[in-house]
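For reference, the structure discussed in these notes is given below.
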Amino acid sequence: MDINMLETLINSLGFPIVMVGACGFFIWKMYQAQLQDKERLYVELGKATEANEKFASIISTYTGKLESIENKVDKIQDKVGA
């Protein structure tokens with residue numbers, strides 16, 4: 001949009017109406033950018049959820065192994081008498 005077109009719009013419609021249109025356009029562009037950011041955040045949240053589920057299964061596996069080790073240590077203590 002060039003200056004002559006802007007001047008013509010202001011002269012024919014009036015400054016307040018042109019500014020309301022410009023502000024509306026700005027708000028619409030900001031809203032579109034916000035929607036794109038929201039979609040990217042949803043993607044990242046999905047990746048984080050997957051990683052947390054993997055970590056939970058790994059921790060569960062290690063918990064089982066730790067319990068097995070504790071049982072073996074208890075048996076050794078019983079045999080040694082400590």
Side-chain angles (χ1 to χ4, degrees):
M1 180 179 273
D2 62 342
I3 299 296
N4 292 331
M5 181 183 271
L6 186 61
E7 185 178 340
T8 304
L9 283 174
I10 290 174
N11 287 336
S12 63
L13 298 175
F15 181 76
I17 293 175
V18 173
M19 284 300 108
V20 166
C23 288
F25 178 73
F26 175 75
I27 291 170
W28 181 75
K29 291 298 264 183
M30 292 298 292
Y31 178 72
Q32 294 299 319
Q34 181 187 17
L35 287 178
Q36 290 175 351
D37 287 346
K38 189 188 298 185
E39 289 301 318
R40 285 191 296 249
L41 287 174
Y42 285 144
V43 169
E44 292 301 318
L45 182 61
K47 290 177 185 177
T49 301
E50 281 182 33
N52 284 340
E53 288 172 357
K54 288 179 184 177
F55 290 143
S57 67
I58 290 170
I59 289 172
S60 175
T61 302
Y62 285 137
T63 301
K65 290 180 180 180
L66 180 61
E67 288 173 357
S68 172
I69 291 170
E70 287 175 346
N71 289 337
K72 290 177 183 178
V73 168
D74 288 341
K75 287 179 185 179
I76 292 171
Q77 281 181 339
D78 289 342
K79 287 183 181 180
V80 171

The complete set of side-chain hydrogen bond (donor to acceptor under 3.5 Å, both in side chains) pairs with one or both residues in residues 52-61, sequence neighbours excluded, reads none
Which residues pass the side-chain contact (heavy atoms from CB on, under 4.5 Å) test with [X], sequence neighbours left out?
X: Val20; result: none
X: Gln32; result: Trp28, Leu35
X: Lys47; result: Val43, Glu44
X: Thr63; result: Ile59, Glu67

Nearest-0.5 Å distance, [atom1] of residue [X] to [atom2] of residue [Y]:
X: Ile76; Y: Asn71; atom1: CD1; atom2: CG; result: 11.0 Å
X: Leu13; Y: Met19; atom1: CG; atom2: CE; result: 11.0 Å
X: Lys38; Y: Leu45; atom1: NZ; atom2: CG; result: 13.0 Å
X: Tyr62; Y: Ile69; atom1: OH; atom2: CD1; result: 11.0 Å

Open item on the list: Which residues pass the salt bridge (charged side-chain N to carboxylate O under 4.0 Å, His left out) test with Asp74, not counting sequence neighbours?
Closed with: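 In terms of salt bridge (charged side-chain N to carboxylate O under 4.0 Å, His left out), with neighbours along the sequence ignored, Asp74 is linked to no residue.
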Check whether Phe15 and Leu9 end up in the same hydrophobic cluster, where Ile, Leu, Val, Met, Phe, Trp and Tyr are linked by side-chain heavy atoms less than 4.5 Å apart. yes
